[in-house]
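Predicted model, so just to flag it, every value in this text is computed and none were measured. Throughout, a chain's letter reflects where its sequence line sits, starting with A, and its residues are numbered from 1.
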There are 2 protein chains.
Amino acid sequence: MDDFSPIPDYDTHGWFLKSVVEILFKNVVFATNRDKVVLWKHPKELLEVFDFSLQQTGVTQDKLLTLIKNTIKFSVKTGHPYFINQLFSGLDPYGLVGQWITDALNASIYTYEVAPVFTLMETCVIREMCSMIGPEWKDGMFCPGGSNGNGIALNLARFQLNKNVKKTGMSQFPRLVLFTSEEAHYSILKFSSFIGIGEDNVILVQTDEVGRMNPTHLEECIQEQIDCGASPFVVVATSGTTVRGAFDPLYQISAICKKYKLWFHVDAAWGGGLIFSQRHRTKLNGIETANSIIINPHKLLAAPQQCSILFVKDENILYECHSKGAEYLFQKDKYYDQSYDPGDKYLQCGRKCDVFKFWLMWKAKGSSGFAKHVDAIMDVAEYFERQVLIRPEFQLVSKRQYINVCFWYLPRYLQKKKDVMDYSIQLHKVAAQIKAVMVKHGSIMLGYQPLKEFPNFFRFVSQNSALGVKDVDFILDHIAEIGNAIYD
Amino acid sequence: MDDFSPIPDYDTHGWFLKSVVEILFKNVVFATNRDKVVLWKHPKELLEVFDFSLQQTGVTQDKLLTLIKNTIKFSVKTGHPYFINQLFSGLDPYGLVGQWITDALNASIYTYEVAPVFTLMETCVIREMCSMIGPEWKDGMFCPGGSNGNGIALNLARFQLNKNVKKTGMSQFPRLVLFTSEEAHYSILKFSSFIGIGEDNVILVQTDEVGRMNPTHLEECIQEQIDCGASPFVVVATSGTTVRGAFDPLYQISAICKKYKLWFHVDAAWGGGLIFSQRHRTKLNGIETANSIIINPHKLLAAPQQCSILFVKDENILYECHSKGAEYLFQKDKYYDQSYDPGDKYLQCGRKCDVFKFWLMWKAKGSSGFAKHVDAIMDVAEYFERQVLIRPEFQLVSKRQYINVCFWYLPRYLQKKKDVMDYSIQLHKVAAQIKAVMVKHGSIMLGYQPLKEFPNFFRFVSQNSALGVKDVDFILDHIAEIGNAIYD
């Protein structure tokens, strides 16, 4: 057969597909953990050694296998225990095959007709998680990432304020303002611009010494905006801030929202997975008082990218706010009850199935498996923090509240010497220099950033519950070793 | 090892993962084509026969394999040649393994650091496609579906009109209005609401007898809105409408946009893949005059879900309109040139890699492979239309322009009898009745819908270039057979 059709044929593709799976098993899935996290190349170098070019004519399957091996070779091993650069890591075997099955079935989740198993599965997972949040919680939707989920929540809040906005738009509206902490995720700003609110109308509330929103300041800000004639409509609290992992005081914020009749959204993209842990879910206390919550199972729970769920208390609002009733998809004369079609409550039309991988992980491990996973990670983070406190060459930025441990490596000449000229400027350079060496070694990928008045510091985060205390020792030893080599 | 950690271990997971791959090869990827498209169950039945429930404790790998087999059993076989229900179908073997590799590497595409191969690959694919559109085209971004891409384009258009909107929002703005045809995709309405424009401010321009936007009416609408004091800001043309596959007259619309200084967006999600075909790309003539274009390789080109690309002419606008400069991701003191980090031009933060599967398909087949694929599909659609015209029991809704063939099956008592009482009401019921039988047989999944004054009709669309004239004959024979059984 001519090899341009989207239909697999055993004679033409059997060997190739099997070879790819073998390569994946050997070089990615079951690769030895102590391989490098990354084989670093500068972009210009990589452009030279990797054949990105596209041509008129296709290449052979042998050549494709070489390209695939090179893709793996030069890609970051995000499943490696020392990939602690972002808010995701690990490679869950059940999640992975869940994705593979999803891909092979290549469904789009708008109607029961086209995705019978997956539409019911979404409902099941959403209901199960709703019941974990609280008895009043009724509905939810899968989103293409937490940023989008936050944006959708802002739009729901605006719709709740004045349902005409769906039809009339905002041009006749008063100036709407929203409130979130100065350590909230940048998606609140991005999506405020996108939905027509404007980033100037995002009021950043002060945070305390560990990064939690200050509710007194929140109320001052609300009052100030009302006095200026603006219309507050939503407060976005964070359960697990991106950098410091702070948990905003939900009950206090909730009371303020109630007083001023504001929608209460909780961005628990990062921290929401704690809901599975009896030991640690108290950090989420008060989350049940919100109107909407975003939780990303692809973060703490280590589901593969991407799996984000927006939960809402009001069971009608997603349909009311989003529906358009396109008749080519949501026919009113179907051979089954149309209420099983979730598509019209979404903004996306075609939508990849993100539920199956997560459901399969849940089925494989049970809720108790997620709990053990979360507890193990929290224990490692606690050990990490203790080590930072003990070792003289490290300093904690602020007290740990979650699995984020924020710390500086202090070169000897900066240790206990805050009076060094330009102390902050000097310290600011350290993390970037050490990181560059680590990446070039390919040994560890660890994130760093400045925050408020703090110069650049490292942020340790791991969602990989296979990481143990020995790994923590290695990571800290390794940073110290590189630091010593550079600064001593 | 305790089986809750996101790290694959050969002893614990080797057998399971291999078993899943075997099941996928046997039951999905290389399944015989003549299996049923769907094993239909009513939702309530499926809830009884499939164990969706989630528990405290995990289940065994054996039990998981059973659940996986059931997931496959009760899912629609979207790769089946007789899945012609939506604007996607087929199962491309290169696209599929591209997804599997993407999943195993589990990257998130915001920085070069975390996704070196995939960030450069995105740039390469975007540049290559830009050069196919026209020399002035400079940039693009991958979107979570065409609906989102259309929404982002509307926001770019608003930003171009008045860059303050990013900061101030829309509350001080005049009433902004946009124009699209009455047969455009419903995402224009959904996203107009979402971004704060409001669906009342979407002016639906009339279409002609085959579904193309009427440019004279467009100009009248623009003039009318200006006379009312509204501010037109964008026209959305469609290259390949969802139901009839119509191509709006781009040059004429472009001239009007120029005259009134409006942003010109082309929704070529469905039709854009024609760009690869020398024989058929003339349907896209004038697309190069637009300001932005959305093309979904996951539609016509049969890339797996999901792969949508928004192209823009202005090389700075995506950064200008979307950037926020979050320092924890886009550090200014990086060990490489930060311009290689694409993340800040996106609204999404974490973002799944959608480029690799498409790049791998392109590499495997070459541009000429996509061309052959497109040409083969167009030939089949032409044959389908001819058969509809020849056979007395079928009637064309309107002349075919693309691979959408819209047609009625006419029961004998309605053939050539437009004077039958309630002709339209009678005819309206036919497609739904036949479809219900086909789905219950599991033989064919074929979409239907009403449109404008037309009662329910079938829409044939296939992106599967392995579908041949024999399949067309089978599909039409099968519909006629069911129709005969019901109505004669």
Is A/Val20 close to chain B through its backbone or its side chain, or both, or neither, when contacts mean heavy atoms under 4.5 Å?
side chain
Quick one: of A/Gly90, A/Ala376, A/Ala436, A/Ser367, who has the most non-hydrogen atom pairs under 4.5 Å with chain B?
A/Ser367
Within-4.5 Å side-chain heavy-atom neighbours: A/Leu120 and B/Leu47
yes
Report the residues that fulfil side-chain hydrogen bond (donor to acceptor under 3.5 Å, both in side chains) with A/Ser187, sequence neighbours left out, ordered by chain and then residue number.
A/Asn150, A/His185
Which atoms of A/Asn148 come close to chain B, meaning under 4.5 Å heavy atom to heavy atom: side chain ones, backbone ones, both, or neither?
side chain
Let me know if B/Asn85 has heavy atoms under 4.5 Å from chain A in its side chain, its backbone, both or neither.
side chain
Quick one: what part of A/Ile101 sits under 4.5 Å from any heavy atom of chain B, side chain, backbone, both or neither?
both
Kindly write out the residues that satisfy side chain to side chain contact (heavy atoms under 4.5 Å, CB included) with A/Ser53, not counting sequence neighbours, or none if the list is empty.
A/Asp51, A/Gln55, B/Lys363
Can any side-chain N or O of B/Thr78 pair as donor or acceptor with the backbone N or O of A/Leu105 at less than 3.5 Å?
yes
Interface moiety of B/Asn164 toward chain A, non-hydrogen atoms closer than 4.5 Å
neither
Sort A/Lys440 into side chain, backbone, both or neither according to what part of it lies under 4.5 angstrom from a heavy atom of chain B.
side chain
Is chain B contacted by the side chain of A/Phe194, its backbone, both, or neither, given a heavy-atom distance below 4.5 Å?
both
So, the part of A/Val28 with a heavy atom under 4.5 Å from chain B: the answer is side chain
Ring-plane angle category for A/Tyr10 and B/Phe30, please: parallel below 30°, perpendicular beyond 60°, tilted otherwise.
perpendicular
Go through A/Phe4 and B/Trp362 one step at a time and tell me if the ring pair (Phe, Tyr, Trp, His ring centres under 6.0 Å) criterion holds.
CA-CA 10 Å; A/Phe4 60 77; B/Trp362 199 337; over 10 Å; no
Could you tell me which portion of A/Glu128 (side chain, backbone, both or neither) has an atom closer than 4.5 angstrom to a non-hydrogen atom of chain B?
side chain
With a 4.5 angstrom heavy-atom cut-off, could you sort out which part of A/Asn296 is near chain B: side chain, backbone, both or neither?
neither
Under a 4.5 Å heavy-atom cut-off, does chain B meet the side chain of A/Ile152, its backbone, both or neither?
both
Choice from A/Phe356, A/Tyr94, A/Phe50, A/Phe159 maximising heavy atom contacts with chain B below 4.5 Å
A/Tyr94
May I have the step-by-step check of side-chain contact (heavy atoms from CB on, under 4.5 Å) for B/Lys352 and A/Lys352, ending in yes or no?
CA-CA 11 Å; B/Lys352 195 167 156 62; A/Lys352 195 169 157 59; 3.9 Å; yes
Passes side-chain contact (heavy atoms from CB on, under 4.5 Å), B/Glu113 versus A/Met445? Steps please.
CA-CA 9 Å; B/Glu113 171 179 321; A/Met445 282 190 74; 3.3 Å; yes
Quick one: of A/His322, A/Gln172, A/Arg158, A/Arg175, who has the most non-hydrogen atom pairs under 4.5 Å with chain B?
A/Arg158
Measure distances from A/Arg351 to the heavy atoms of chain B and classify the residue's part below 4.5 Å as side chain, backbone, both or neither.
backbone
Most contact-rich option vs chain B, by heavy-atom pairs under 4.5 angstrom, among A/Asp92, A/Leu91, A/Leu451, is A/Leu91
Roughly how far, to the nearest 0.5 Å, is CG of A/Leu46 from CE of B/Met121?
9.0 Å
Okay, side chain of B/Ser147, backbone of A/Gln348: is any donor-acceptor separation there less than 3.5 Å?
no
Side chain, backbone, both or neither: which part of B/Tyr340 has a heavy atom under 4.5 Å from chain A?
side chain
Under 4.5 Å to a heavy atom of chain A? For B/Leu24 that would be side chain
Chain B contact via A/Gln331 - which portion, at a heavy-atom distance below 4.5 Å:
side chain
Can the ring centroids of A/Trp100 and B/Phe25 be said to lie less than 6.0 angstrom from one another?
no
A/Val21, part contacting chain B, at a heavy-atom distance under 4.5 Å
side chain
Given that the side chain runs from C-beta out, which part of A/Pro174 has a heavy atom under 4.5 Å from chain B: side chain, backbone, both or neither?
backbone
Using a 4.5 angstrom heavy-atom cutoff, name the option from A/Lys167, A/Lys365, A/Gln305 with the most pairs to chain B.
A/Lys167
Using 30° and 60° as the class boundaries, would you call the ring planes of B/Trp40 and A/Tyr335 parallel, tilted or perpendicular?
perpendicular
At a 4.5 Å cut-off on heavy atoms, which part of A/Phe74 comes close to chain B: side chain, backbone, both, or neither?
both
Side-chain contact test, heavy atoms from C-beta onward, threshold under 4.5 Å: evaluate it for B/Lys334 versus A/Lys435 and give yes or no.
no
Which atoms of B/Phe370 approach chain A - backbone, side chain, both or neither, heavy atom under 4.5 Å:
neither
